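Working notes, beginning with the structure itself.
Both counts, for ligands and for their atoms, begin at 1 and track the order of listing. Since we're looking at a predicted model, the values are computed, not measured. Numbers here simply count residues along the sequence, with the first being 1.
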Amino acid sequence: MTLTENGSLRFPEGFLWGAATAAHQVEGQPADSDWWAWEQIPGKTRDSATAERACEWWAGRYVEDLDLAKAMGHNALRLSVDWARIEPREGQWDQTAIARYREILGALRQRGIEPMVTLFHFVSPSWLAQKGGWLNESTVRLFERFTTHVVDALGDLVDFWCTINEPNVYGTYSYLLGAWPPERHDLLSTFRVIRHQLVAHAMAYRAIHRLQPRARVGLAQHLRVFDPYRPRCAFDRWGAWLQDLLFNELVLSPPVDGVLRPPLAMNVKVPELVDSQDYVGLNYYSRDMVTFDARQPGMLFTRRFAKPGAEFSMDGWGEVYPQGMYRLLKRLGAYGKPIYVTETGIPDNDDSKRSRFLVTHLAAIHRALTDGVPVRGLYFWSLVDNFEWKESYTARFGLIGLDVETGKRTLHDSGQLYGEIIRGGELTVNMLERHAPELIGKAVA
Ligand code: FCB
């Protein structure tokens, strides 16, 4: 994993190379969920498009994408199961949904691709949403019961689990910014939802280990880098520290020390949360600059924005900052657990920036490995263009391009490149020269 004599960056044997997906974003024929209900309202998503077809995995087209994943050499895939399909009404379990997931997992195994299964990726069954969803404390127990059911039903095919995807993003978009269902704008509700998800993670972690003592269980944490816009200004530095505390640290430390630290309230220790992850999952996309802004009391006197003049992905999606990957991996290394990059990727509709993104972020991962950080795999977001939540199909993240009209798949150049990297187990000098010449001769700055 060090720089080889010829200057290429080699990755360790056994590294997991794959991509990440989520049920609602790829499956199509959605079940009765809060997201599906919300998308029906014109204007909620970009172009008012819905996940009705998405990538048609439920209709069988997962086969095409898994074949392409295998052709690229993937040995891992992160996918999720949809709670609304498996438990369409409270306490009622749909065996046909389970059977279909077994088919998909079996198809992965046949191709030598190891699944990591996420149990909650943003979408709740409608019956749960009607009871208050994640605002309601009883959801913790309902999620534990759902987890037990899924592990019972799929456990012979999966022992690598991700309980919950990005509690901080879910809380922020659905309960603070009001951008996703149920469109709330309430800071206290946001913290409550995040707290319930962290406790639910802990209960699920314990439940999975009761059924599968050797399972590997963690959660996918979305972390951002927050840097002071004016590094010499104490107020900006305080703002960056505060954002890090409220977005990153709020979710990072509880599965380690078991302490929930709600701002402006008493700390609570939850015994089940102590040491409740077998690995740390990192979803990393971008960095924000932070400045003090006296006109924004609602945002705790801080303002976040992308660094002017930086390298950007699509409009409005922020800075491309591979050093952030390195910095966050170094930080997570302190937990002493294996680390998986459970997502990273770029919205790039014409695939003109994805290859460079892939190379620079892999070089950053390599640098962390060289420093001794135990990074064990990468799940690139995403395998195939899919339903990108509020942005619907207008922001495309796939290594495989999707023609939304016909469903035709085309392996992008970036997918081709990922395949070459995986098959060779390294970033070659030629790849660095072509996509990131500034990195030649040094690990990522
Ligand atoms: C992550 C989500 C994933 C996808 C990517 C672009 O925050 O987990 O579903 O939307 O962003």
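Annotation: atom 7 (O) of ligand 1 to nearest protein heavy atom, Glu166 OE1, 2.6 Å.
Partner Leu108 forms a side chain to side chain contact (heavy atoms under 4.5 Å, CB included) with one of Leu79, Leu157, Val158 and no other, that one being Leu79. Of the options Trp180, Trp389, Phe120, a ring-ring contact (aromatic ring centres under 6.0 Å, His included) to Tyr170 is made by Phe120 and by none of the others. The residue from Trp381, Tyr285, Tyr284, Tyr379 that alone fulfils the side chain to side chain donor-acceptor pair (under 3.5 Å) condition with Glu343 is Tyr285. Under the salt bridge (charged side-chain N to carboxylate O under 4.0 Å, His left out) rule, Glu319 has a single partner from Arg224, Arg304, Arg287, Lys307, which is Arg287.
Ring centers of His74 and Tyr418: under 6.0 Å apart, within the cut-off. Between Phe301 and Trp238, the distance separating the two ring centers is not shorter than 6.0 angstrom.
Within the 4.0 Å heavy-atom criterion, neither part of Val169 lies near ligand 1.
Applying the 4.0 Å criterion to heavy atoms of Phe397 picks out, from ligand 1, the atoms 6 (C). Residue His121 has at least one heavy-atom neighbour below 4.0 Å for each of these atoms of ligand 1: 2 (C), 3 (C), 8 (O), 9 (O).
Comparing heavy-atom distances from atom 8 (O) of ligand 1 across Asn168, Thr344, Asn165, Thr21 singles out Asn165 as nearest. Taking each of Glu388, Lys390, Glu391 in turn, the one with a heavy atom nearest to atom 4 (C) of ligand 1 proves to be Glu388. Residue nearest to atom 5 (C) of ligand 1, selected from Tyr173, Tyr284, Tyr285: Tyr285 (by heavy-atom distance).
At a 3.5 angstrom cut-off on N or O pairs, Glu343 counts as close to ligand 1.
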